[in-house]
Amino acid sequence: MGTLSRSAGGRKPNETMRLIVTTFVGVVFGFLIGVSFPTLSLTKLNLSSSLLPNVDLSYNGDQKSDISRQAILSAWSSTRSNNSSTKAQSSNGTARIWVPSNPRGAERLPPGILAAESDFYLRRLWGKPSEDLTIKPRYLVTFTFSENFTILLFHYDGQTTEWDEFEWSKQAIHVSVRKQTKWWYAKRFLHPDIVAPYDYIFIWDEDLGVEHFNAEEYIKLVRKHGLEISQPGLEPNKGLTWQMTKRRGDREVHKETQEKPGWCTDPHLPPCAAFVEIMAPVFSRSAWRCVWHMIQNDLVHGWGLDFALRKCVEPAHEKIGVVDSQWIVHQTVPSLGNQGESENGKAPWQGVRERCRKEWTMFQMRVANAENAYFKAIGVDPSNSTTH
């Protein structure tokens, strides 16, 4: 033991000096390596946008709400100059949409389709949207009648006090604007920041039978199956339009179906999957934030919106579904048609139906044009995207 101690003590000065020299050389070498590399730019890094903060664009009141092609090009100039993949490029090589500069929650939408603002201008249920407004008021006045409530009724027929016979109605918010649709109301009164305290938002038509529906049980199933956008199953014998929304008696929830031959180009796309109707949709808080931005101010019937809801969740065919064990009955009560007006010898309901179909076409064209402009702006072939 004495010999070992003397031997170790004899080597200690040499080992200490070796350690000092090695450390010094390492520091110098590291410094030289560091200064030899240029400064890295975040625009050159392939980082997921989820790691970077969202960028909010300030609004200029003199500008139109529609985003021009030049605005898209400017917003994505750094992406075009970079040939490396971004979040717009998925792992399988097909393009997807992700725009960090969009309003929070609407990053999955192409900038050209965003309607990030709304108004209280009244719209007709018939005719051309571009001819709805003969004048645009410049001033707004509001009056507060009572406290805030979570039951909100939209009245397009002006009948509000008639609901007082129901005790629950006395604790509800009644908003009455004649001859407007629920999507007109939703765009103006259900801004995502207003409904942010709520986990789910039900936006339902007025002609739904709910004798077989329990809201609490419904929410339990929605959470259980991970649905961000959903609706109750529809009684098969009344008011059924699509096979997807038909109630199935052998399960809690379904997310896909079989439609007529040729109706579904992809089993994961509407109307065979990723699809619910605009009749009785239920949105999670995050899904509604995206959908609200996609609702157009002048297209009030909502036709075509149900085919585009999938753009707000990913993967849509897993997060959109129909709850079968909590179901409703569509009573198909004609209502909005009677709110139209006769023009050119046509019955009021005919003009309303014509506008519904026109809005569907207009909405589909706006979405397609916005997506094409987005992909072209970032240098991606639109035909190689997963949004079509």
Side-chain angles (χ1 to χ4, degrees), residues 42-60 63-117 192 229 265-266 268-270 274 286-299 304-317 359-388:
L42 281 178
T43 59
K44 300 298 183 181
L45 296 177
N46 182 23
L47 294 177
S48 170
S49 62
S50 63
L51 301 179
L52 300 176
N54 290 338
V55 179
D56 292 331
L57 297 180
S58 60
Y59 171 72
N60 184 339
Q63 293 177 342
K64 295 182 179 179
S65 60
D66 291 338
I67 299 179
S68 65
R69 178 175 174 78
Q70 183 60 42
I72 298 175
L73 294 175
S74 299
W76 287 94
S77 59
S78 61
T79 307
R80 294 198 313 278
S81 63
N82 183 7
N83 291 327
S84 64
S85 65
T86 66
K87 189 163 182 179
Q89 201 76 14
S90 65
S91 58
N92 61 5
T94 55
R96 296 183 183 276
I97 294 175
W98 185 261
V99 190
S101 58
N102 276 358
R104 178 166 60 95
E107 295 89 348
R108 298 184 189 279
L109 303 178
I113 195 59
L114 292 186
E117 299 172 336
I229 300 176
T265 58
D266 187 313
H268 287 167
L269 295 180
S286 59
W288 176 247
R289 184 169 289 277
C290 174
V291 172
W292 185 91
H293 283 93
M294 188 165 57
I295 298 173
Q296 307 293 287
N297 284 309
D298 58 336
L299 306 183
L305 183 64
D306 38 16
F307 279 76
L309 295 177
R310 64 187 178 87
K311 300 178 185 300
C312 286
V313 293
E314 177 69 29
H317 65 279
E359 287 196 5
W360 192 345
T361 301
M362 294 174 67
F363 181 74
Q364 296 296 93
M365 291 181 62
R366 289 183 189 183
V367 172
N369 291 339
E371 289 178 348
N372 288 336
Y374 165 81
F375 285 119
K376 289 179 181 179
I378 64 172
V380 173
D381 183 0
S383 64
N384 192 35
S385 73
T386 59
T387 58
H388 296 281

### Message
So, using ring-ring contact (aromatic ring centres under 6.0 Å, His included) as the criterion, who are the partners of F307 when residues are at least two apart?
### Response
W242, F275, W360
### Nearest non-hydrogen partners of G112 and A370, listed with the distance
C-CB, 3.5 Å
### Task
Name all residues meeting the side chain to side chain donor-acceptor pair (under 3.5 Å) criterion together with R366; count only those two or more places apart in sequence or in a different chain, and write none if there are none.
Q296, D298
### Message
Which residues pass the side-chain contact (heavy atoms from CB on, under 4.5 Å) test with E314, not counting sequence neighbours?
### Response
R96, R108
#### Entry: Atom of P111, atom of Y374 and distance for their closest heavy-atom approach
CD-CD1, 3.9 Å
### Query
Rounded to the nearest 0.5 Å, how far apart are CG of N372 and CG of D381?
9.5 Å
#### Entry: Contacts of type side chain to side chain donor-acceptor pair (under 3.5 Å), residue T361, not counting sequence neighbours
none
#### Entry: Expected output: side-chain Q364 to main-chain M362 donor-acceptor under 3.5 Å
no
### Query
Between A287 and I229, what is the shortest heavy-atom contact and its length?
CB-CG1, 3.8 Å
### Task
Please report the closest heavy-atom contact between A115 and W292, naming both atoms and the distance.
O-CZ3, 3.9 Å
## Note on the structure
Between E371 and P110 the two heavy atoms that sit nearest each other are CG-CG, 3.5 Å
### Task
State, yes or no, whether a side-chain contact exists between K311 and V367 at a heavy-atom distance under 4.5 Å.
yes
### Query
What heavy-atom pair brings H293 and A116 nearest, and what distance separates the two atoms?
CD2-CA, 3.7 Å
### Task
Applying side-chain contact (heavy atoms from CB on, under 4.5 Å), name anything that partners C312, two or more places apart in sequence or on another chain.
L109, C290, V291, M294
